[in-house]
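These notes concern the structure reproduced below.
Letters A, B, ... mirror the listed sequences (proteins, then strands); counts begin at 1. Since this is a predicted model, take the numbers as computed values, not measurements.
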Amino acid sequence: MTITTLDSLSAKPLLDWYDRHHRDLPWRVSPGMAARGVKPDPYRVWLSEVMLQQTTVQAVKPYFAKFLERWPEVTDLAAAENDEVMAAWAGLGYYARARNLKKCAEAVAKDHRGVFPDTETGLKSLPGIGDYTAAAVAAIAFNRQAAVMDGNVERVISRLYAIEAPLPGAKPVMKDKVTLLTPANRPGDFAQAMMDLGATICTPKRPACSLCPFRGSCQALKLCDPELFPVKTAKKEKPVRQGAAFIAVTGDGEILLRRRAESGLLGGMTEVPTTAWTARLDGETSVTAAPFAAAWQACGTVIHVFTHFELRLSIWRAAIVQKLEADDGWWEPVTNLEAQALPTVMKKAIAAAIPLAFKTSRA
DNA sequence: CACCCGTGGCC
DNA sequence: TGGCCAAGGGT
């Protein structure tokens with residue numbers, strides 16, 4: 001008798017589906033191009049993978065284009081100024097990625113003669129490259145049989161096998177399944193196919209199971225409801241923090257900026273002077289905490305939600321008559337703010353005080 | 001292992 | 001409208 005069990009699950013239907021329905025992405029070599037001998041550029045694969053960490057494809061596209069135009073090779077990025085890289089990354093979030101991106105480029109240029117390591121182990125030894133990115137670059141750029149597991153793959157696997165154990169604890173079990181499923185032939189396309197499937201068919205809500213190449217062998221579809229997977233442990237609620245930000249502008253149109261500490265929240269990025277962001281809601285949110293005395297005017301409150309807390313920032317503005325030499329900051333023309341490494345929360349704060357500070361002032 | 005670390009879009 | 005989520009890594 002012939003029984004289709006999970007043990008017979010094959011990558012073939014997924015690869016066939018990928019040949020027909022793969023997404024066209026700027027950093028991707030499509031199956032058709034690969035058949036004509038086009039090889040992926042490890043630098044582009046790595047750059048895109050780092051940008052895509054916890055970030056949507058749509059958000060990455062313009063940044064990828066900008067980086068590639070400005071720094072076409074990894075050696076160009078290695079030779080770039082840190083501040084330029086941080087300014088180019090501004091808005092994309094998780095700024096430690098940018099710091100590690102730069103360190104990684106320098107390591108490849110200096111320690112590897114500008115050539116990326118072509119093994120999972122070699123890649124993982126580089127800054128900013130963890131389990132996922134090492135496997136992804138090894139598989140996609142170097143055709144290594146590496147098991148690639150990201151959030152998409154976790155969702156697909158958890159449904160295929162109806163895994164009831166919650167994430168993140170169930171990760172090793174899922175990784176084992178991916179390892180068994182990853183083919184020796186076209187491992188890179190397999191990885192990208194799993195992620196495309198998760199992004200377009202096996203979606204978190206209302207998956208399009210009727211279009212899925214695995215519809216005949218999906219345990220969740222057979223037993224209950226795919227939308228119930230993956231199971232995740234409950235997350236704790238977000239605390240609220242509060243502070244004040246001060247926008248000082250001279251008659252010449254210069255604004256007082258500072259540089260944040262190299263590590264931690266928004267590390268190495270640029271900011272306007274602010275108070276500490278405290279958990280106390282009765283903290284220093286008024287002019288009494290301003291960097292210097294001036295005719296401070298209230299400009300409302302900016303609310304910004306970070307990964308692990310919500311920030312309520314009181315905004316204050318003052319026209320400065322006599323420019324003081326700030327010992328831990330500098331005066332920057334408001335017309336040059338676009339070139340600064342300003343995270344989104346700071347653009348919001350400045351826009352609240354100077355509505356025309358940014359061309360795309362949707363904050 | 002639990003926590004820290006951004007942002008924007010979606011329903 | 002707000003909680004959820006996106007090609008995670010470092011510590």
Separation of dC5(B) atom P from Asn100(A) atom CG, nearest Å, is 15 Å

Heavy-atom nearest nucleotide on DNA chain B taken for Leu265(A) and for Lys236(A); more 5' hit belongs to Lys236(A)

When you measure from the side-chain N and O atoms of Arg97(A) to the phosphate of dG10(C), is any distance below 4.0 Å, counting only OP1 and OP2? no

*Any N/O donor-acceptor pair, Thr55(A) side-chain to dG6(B) base, under 3.5 Å*: yes

Counting only side-chain nitrogens and oxygens, does Tyr95(A) get under 4.0 Å of the OP1 or OP2 atom of dT7(B)?
yes

| If you take atom types as modelled and just measure distance, does the side chain of Arg23(A) reach the base of dA7(C) with a donor-acceptor pair under 3.5 Å? | yes

Checking dC5(C), dA7(C), dG8(C) against the side chain of Gln54(A) (C-beta onward), the nearest is dG8(C)

Query raised in the report: Angle class for the Trp331(A)/Phe292(A) ring planes (parallel below 30°, perpendicular above 60°, tilted otherwise)?
Result: tilted

Hey, does the side-chain of Thr344(A) have a donor or acceptor N/O within less than 3.5 Å of a partner on the base of dG6(B)? no

**Asked** With sugar-phosphate meaning primed atoms plus P, OP1 and OP2, does Thr133(A) contact a base, only sugar-phosphate, or nothing at under 4.0 Å between heavy atoms?
**Response** sugar-phosphate

Worksheet item: For the residue pair Phe246(A) and Trp316(A), does the interplanar ring angle fall in the parallel (under 30°), tilted (30 to 60°) or perpendicular (over 60°) class?
Response: parallel

Leu25(A) CG to dA6(C) C1', in whole Å, measures 14 Å

Practice task
Using only side-chain N and O atoms of His308(A), determine if any of them is under 4.0 Å from OP1 or OP2 of dC5(B).
Solution key: yes

Checking dC5(B), dT7(B), dA7(C) against the side chain of Tyr94(A) (C-beta onward), the nearest is dC5(B)

Per atom distances to the Asn152(A) side chain, the nearest of dC3(B), dA6(C), dG8(C) is dA6(C)

